[in-house]
Amino acid sequence: QVRLVASGGGLVQARGSLRLSCAASGILFRVYTLGWYRQAPGKQRELVAAITSGGDTNYEETVKGRFTISRDGTKNAVYLQMNSLKPEDAAVYYCNARSAGLNYWGQGTQVTVSS
């Protein structure tokens with residue numbers, strides 16, 4: 001059974017930081033591209049950051065320089081370090097794992113940023 005369990009969301013003031021974690025099980029972790037997506041009310045889900053099995057990363061334009069995605073194969077986990085948070089970063093954040101046509105989602109964790 002595949003499970004992606006996200007955690008680390010919460011309420012933070014603008015310019016603050018949060019670190020999201022996502023623990024994966026039931027997949028061959030090392031071959032998957034891992035990503036963090038977010039969805040704000042009334043908006044489509046969007047890719048925030050992704051990291052390939054080889055460690056290549058890409059970021060949504062507005063988070064470049066503020067967010068960092070990383071993965072730990074010893075813990076089967078992916079992280080999103082979010083610094084200098086802005087009110088517009090507020091959303092439900094979802095972790096994602098995809099490989100060879102397979103696509104799995106975590107349950108989402110709420111990030112709220114107060115101005």
Side-chain angles (χ1 to χ4, degrees):
Q1 181 182 4
V2 177
R3 292 192 69 197
L4 298 176
V5 180
S7 61
L11 172 63
V12 64
Q13 288 188 329
R15 296 178 296 281
S17 297
L18 281 175
R19 187 188 191 217
L20 305 184
S21 301
C22 179
S25 59
I27 60 173
L28 186 58
F29 184 82
R30 59 181 173 85
V31 305
Y32 278 74
T33 291
L34 306 168
W36 286 96
Y37 289 71
R38 66 186 178 189
Q39 188 167 20
K43 295 188 177 181
Q44 289 190 332
R45 190 173 296 190
E46 64 175 356
L47 175 66
V48 176
I51 183 167
T52 68
S53 58
D56 294 327
T57 59
N58 67 283
Y59 295 91
E60 193 270 329
E61 194 64 33
T62 64
V63 309
K64 286 181 179 178
R66 299 188 297 123
F67 291 11
T68 303
I69 189 170
S70 61
R71 62 191 293 163
D72 185 341
T74 67
K75 298 181 179 179
N76 283 10
V78 58
Y79 307 99
L80 186 67
Q81 178 66 43
M82 304 187 294
N83 299 327
S84 302
L85 282 159
K86 303 176 181 180
E88 52 264 42
D89 294 319
V92 178
Y93 283 70
Y94 298 89
C95 59
N96 173 269
R98 56 184 173 85
S99 177
L102 299 174
N103 196 28
Y104 301 108
W105 292 93
Q107 85 285 8
T109 185
Q110 177 73 50
V111 171
T112 303
V113 184
S114 63
S115 57

- Item | Atom NZ of Lys64: over 12 foreign heavy atoms under 6.0 Å | yes
- Query: Between the main-chain N or O of Phe29 and the side-chain N or O of Arg71, is there a donor-acceptor pair closer than 3.5 Å?
  - Reply: yes
- Minimum heavy-atom distance between Gly9 and Thr109, given as atom pair plus value: N-OG1, 3.1 Å
- Message: Check whether Asn96 reaches the backbone of Tyr104 with its side chain - one donor and one acceptor, N or O, closer than 3.5 Å.
- Response: yes
- Query: Nearest heavy-atom pair of Arg38 and Ala91: which atoms, and what distance?
  - Reply: CB-CB, 3.8 Å
- Query: So if you build clusters from Ile, Leu, Val, Met, Phe, Trp, Tyr with side-chain heavy-atom gaps below 4.5 Å, do Leu4 and Val31 land together?
  - Reply: yes
- Query: So which heavy atom on Ser115 is nearest to which on Pro87, and how close?
  - Reply: CB-CG, 3.8 Å
- Does Val2 share a hydrophobic cluster with Leu28, counting links as ILVMFWY side-chain heavy atoms below 4.5 Å and allowing steps through other members? yes
- Item | Side chain to side chain, Tyr32 and Leu102, heavy atoms closer than 4.5 Å | yes
- Query: For the hydrophobic clusters of this structure (ILVMFWY residues joined by side-chain heavy atoms under 4.5 Å, transitively), does one cluster hold both Leu18 and Val48?
  - Reply: yes
- Query: Which distance, rounded to the nearest 0.5 Å, do you find between the CG of Asn76 and the CZ of Arg30?
  - Reply: 11.0 Å
- Query: What residues form a salt bridge (Lys or Arg N to Asp or Glu O under 4.0 Å) with Arg66, not counting sequence neighbours?
  - Reply: Asp89
- Message: Could you go through Phe67 and Leu85, starting from their C-alpha distance and side-chain angles, then the distance that decides it, and tell me whether this counts as side-chain contact (heavy atoms from CB on, under 4.5 Å)?
- Response: CA-CA 9 Å; Phe67 291 11; Leu85 282 159; 3.8 Å; yes
- For residues Ala49 and Leu80, report the shortest heavy-atom separation together with the two atoms involved. CB-CD1, 4.1 Å
- Message: Among residues at least two apart in sequence or on other chains, which ones pass ring pair (Phe, Tyr, Trp, His ring centres under 6.0 Å) with Tyr37?
- Response: Trp105
- Message: Would you say Val63 ends up clustered with Val12 if hydrophobic residues are merged whenever their side chains have heavy atoms under 4.5 Å apart, either directly or through other cluster members?
- Response: yes
- In terms of heavy-atom contacts, Ser21 and Tyr79 come closest through OG-CD2, 3.3 Å
- Look up atom CD in Glu60 and atom CG in Asn58, then write down how far apart they are to the nearest 0.5 Å. 10.5 Å
- Query: Would you say Glu46 has more than 12 foreign heavy atoms packed within less than 6.0 Å of its CD?
  - Reply: yes
- Determine whether Val111 and Met82 make a side-chain contact, defined as any pair of heavy atoms from C-beta on separated by less than 4.5 Å. yes
- Query: With Val78, which of Leu20, Leu34, Thr33 fulfils side-chain contact (heavy atoms from CB on, under 4.5 Å)?
  - Reply: Leu34
- Message: If hydrophobic clusters are built by linking Ile, Leu, Val, Met, Phe, Trp and Tyr wherever their side-chain heavy atoms come under 4.5 Å apart, do Tyr59 and Val113 end up in the same one?
- Response: yes
- About how many Å separate CG of Asp56 and CD1 of Ile51, when rounded to the nearest 0.5 Å? 8.5 Å
